[in-house]
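Remarks on the structure that follows.
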Amino acid sequence: VMGGKEASGIIAKLLPSTPIIAFTANIMKHQKDEYLATGFSGVVAKPIEQDHLYEILQRFIKQKMRPGKVLIVEDNLVNQKVLKQFVFKAHDELEIVIANNGEEALARFKEQTFDLILMDMQMPVMGGLEATRTLRQEGFAGPIYMVSGNIDNEHKLQCEEAGANGHLNKPVDKRALTEVINTIFLI
């Protein structure tokens, strides 16, 4: 029977560009360094944490994504930063533009083309529902996803009636947002 370290050494010689990930309960710093020196590309500790595994896999499995531009419409600075970071982690070649409210979103729409709009539902000056209706009336046919803490069916129906393609709950689930990005930008 061959162990993982021995097998990875053979695989690394035969297929030098193939990433090899170690799954192990031995995760002390010197052990991790030993795995990496043996030819492993990364190390995941057992029990496996789904987010860490996903992060490691994303690093080595580059999916073909088309370029594009995302408009984040959000009045809260912290939420803007979180959404921007999640979008960037899902697809690091997307151009990201920020609008602080629906009125700014309409102005950005008149200046630029967007492949996806992430729209907060409740904002000062002009809220997400009104902005979404106006964007649709002015010809924006791309996907608009409402991002809101209002998760009941009544609010989701309001989003749909305004012309939104979907709804992401706050706090935003990174995996749900990544699915949206992949659906739109994967080649």
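Because the structure is predicted, anything quoted here is derived from the model rather than measured. Note that the numbering runs from 1 along the sequence shown for the chain.
Two different hydrophobic clusters hold L77 and I98 under the rule that ILVMFWY side chains link at heavy-atom gaps under 4.5 Å. Under the 4.5 Å side-chain contact rule for hydrophobic residues, I184 and F86 share a cluster.
Surrounding CD of E111 are more than 12 heavy atoms belonging to other residues, nucleotides or ligands, all under 6.0 Å away. Counting non-hydrogen atoms of other residues, nucleotides and ligands closer than 6.0 Å to CD of Q112 gives a total above 12. Heavy atoms from other residues, nucleotides or ligands lying under 6.0 Å from CG of D152 number more than 12.
In this structure the side chain of I48 never reaches within 4.5 angstrom of the side chain of H52, judged on heavy atoms. Inter-residue side-chain proximity for S148 and H167 is flagged as met; some heavy-atom pair is nearer than 4.5 Å. Proximity of R175 to D51: side-chain heavy atoms (C-beta onward) are separated by under 4.5 Å at one or more points. In this structure, M65 and N182 have side chains that are in contact, with non-hydrogen atoms separated by less than 4.5 Å. Under the 4.5 Å side-chain criterion, counting only non-hydrogen atoms from C-beta, L135 is in contact with I117.
Summarising the geometry, atom CE belonging to M146 is positioned 10.5 Å from atom CG belonging to L168; distances are rounded to the nearest 0.5 Å.
Salt bridge annotation for E104-R108: present, with a cationic side-chain nitrogen under 4.0 angstrom from a carboxylate oxygen. A salt bridge links D115 with R66: the distance from a Lys NZ or Arg NE/NH1/NH2 to an Asp or Glu carboxylate oxygen falls below 4.0 Å.
Between I144 and the options L116, T132, L71, L118, a side-chain contact (heavy atoms from CB on, under 4.5 Å) holds for only T132.
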Output, in order, the C-alpha distance, side-chain angles, deciding distance and verdict of side chain to side chain donor-acceptor pair (under 3.5 Å) for Q80 and N100. CA-CA 9 Å; Q80 287 176 1; N100 295 299; 2.7 Å; yes
Please step through side-chain contact (heavy atoms from CB on, under 4.5 Å) for the pair K156 and N169, ending with a clear verdict. CA-CA 10 Å; K156 288 180 181 179; N169 299 340; 4.2 Å; yes
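Evaluation of the side chain to side chain donor-acceptor pair (under 3.5 Å) rule for N101 yields no partner, not counting sequence neighbours.
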